[in-house]
Amino acid sequence: MEHLLNATEKETVVEAFDRTYRRRNVSNNGVGEANGLMPLYIWLQKTFEIPHDQARELFEAIRDLIKDLLYFSADACKHEEILVEILDKHLSENLDKRMQNLIKNIVRQRISIWRNASIHTRVSLPRYVSANYRVDLQTASESINHLSVPTALVQLQIQDEEKQVGTMPIIDHVDFEMNKESLSTLLDSLSTIESFLTNFSGPGSD
């Protein structure tokens, strides 16, 4: 991020972060660059007086910092030590101290804005609704080892994201079969997830 030192004023660095935030999810492969990133690269080149390759590197450095901040934004907004840890991970010790302080101040001022904007614009994932099951006992099979072996037939109901305001989301059904071993593996995984969420939320959290 040493190229930011070429900025003539603080507002230019802030704008570089905001422009990168808006393009953070655009792939920097050939198609992504042509469709969404090239104008940003050109702006970075002209603004900071750097060649194309360095403009791309600058974009990637700012983008990676912003993505990390957004991933941990709920905690970073509340706990200064988490925010400092993320910043230290991305800012080189050799970077000018004044620029380090400027970037840290920009992040502290913008992180809540970026987080709120991301929440309001992100695409919702399908949501779990309910599960139904029944136990099936095979009485006919080509293999005698499969006779009288109980299996669980499970149906998950998943609510898709709302496609249009004022319309009911579609409920999809996913059917699958599980034996005792695969069910035990699934339950172990769910128990691990539950423990992680409990520890992550901390005491007193809903």
Side-chain angles (χ1 to χ4, degrees), residues 18 20-37 59-60 62-79 82-83 85-86 89 110-143 145-206:
D18 281 340
T20 300
Y21 164 79
R22 291 193 291 270
R23 298 288 190 278
R24 71 193 183 283
N25 291 324
V26 178
S27 173
N28 59 341
N29 58 24
V31 175
E33 289 187 351
N35 291 340
L37 292 179
F59 162 76
E60 291 174 348
I62 298 175
R63 177 202 60 192
D64 292 346
L65 170 58
I66 290 175
K67 283 194 170 186
D68 255 11
L69 288 166
L70 290 175
Y71 187 80
F72 294 101
S73 60
D75 292 309
C77 287
K78 299 177 183 177
H79 306 290
I82 296 177
L83 181 59
E85 182 179 342
I86 297 171
K89 171 185 171 184
R110 309 300 285 178
I111 185 171
S112 295
I113 298 173
W114 293 336
R115 179 172 182 257
N116 291 335
S118 298
I119 290 173
H120 290 122
T121 58
R122 69 187 177 189
V123 176
S124 299
L125 294 173
R127 184 174 64 86
Y128 166 79
V129 177
S130 65
N132 297 311
Y133 72 93
R134 67 182 175 87
V135 177
D136 185 52
L137 193 64
Q138 281 191 312
T139 57
S141 173
E142 295 180 358
S143 173
N145 293 328
H146 292 165
L147 291 175
S148 301
V149 176
T151 59
L153 303 178
V154 182
Q155 181 185 82
L156 293 180
Q157 295 185 22
I158 307 296
Q159 180 177 294
D160 202 354
E161 61 175 311
E162 187 176 325
K163 301 296 184 183
Q164 185 176 351
V165 176
T167 61
M168 289 295 293
I170 297 174
I171 302 295
D172 291 324
H173 298 84
V174 180
D175 300 301
F176 56 93
E177 183 179 30
M178 305 185 74
N179 59 23
K180 181 179 178 181
E181 289 74 21
S182 59
L183 178 59
S184 178
T185 300
L186 174 61
L187 292 176
D188 287 342
S189 298
L190 292 175
S191 178
T192 301
I193 294 172
E194 181 185 27
S195 297
F196 175 80
L197 291 177
T198 300
N199 294 333
F200 187 80
S201 300
S205 299
D206 292 333

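Below, each value reflects all heavy atoms present in this structure, side chains not excepted, and no hydrogens, waters or symmetry copies.
- Side-chain contact between M178 and Y133 is absent, with no heavy atoms from C-beta onward closer than 4.5 Å.
- The two residues W114 and Y21 have their closest heavy-atom pair at O-OH, 3.1 Å.
- A distance of 8.0 Å separates CD1 in I158 from CG in D172, rounded to the nearest 0.5 Å.
- A donor-acceptor pair under 3.5 Å is absent between the side-chain atoms of R115 and the main chain of S112, judged by distance alone.
- Put simply, CZ on R134 and OG1 on T151 are 8.0 Å apart, with the number rounded to the nearest 0.5 Å.
- For K67, the NZ atom sits in a packed shell: over 12 heavy atoms of surrounding residues, nucleotides or ligands are nearer than 6.0 Å.
- Counting all heavy atoms, side chain and backbone alike, Y128 lies closest to L156 at CE1-CD2, 4.1 Å.
- For the pair L83 and L69, the minimum side-chain heavy-atom distance is below 4.5 Å.
- Residues meeting the salt bridge (charged side-chain N to carboxylate O under 4.0 Å, His left out) test with D18, sequence neighbours left out: R110.
- Across L65 and I86, no two heavy atoms sit closer than the pair CD1-CG2, 4.2 Å.
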Decide side-chain hydrogen bond (donor to acceptor under 3.5 Å, both in side chains) for S191 and D188; before the verdict, give the C-alpha distance in whole Å, the side-chain angles of both, and the deciding distance to 0.1 Å. CA-CA 5 Å; S191 178; D188 287 342; over 6 Å; no
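- Although no hydrogens or angles enter the test, the distance criterion places no donor-acceptor pair under 3.5 Å between the side chain of S184 and the main chain of K180.
- To the nearest 0.5 Å, atoms OG1 (T20) and CG (L37) are separated by 9.0 Å.
- A heavy-atom distance below 4.5 Å is not found between the side chains of N132 and L153.
- Between Q157 and H173, the shortest heavy-atom contact is CG-CD2, 3.6 Å.
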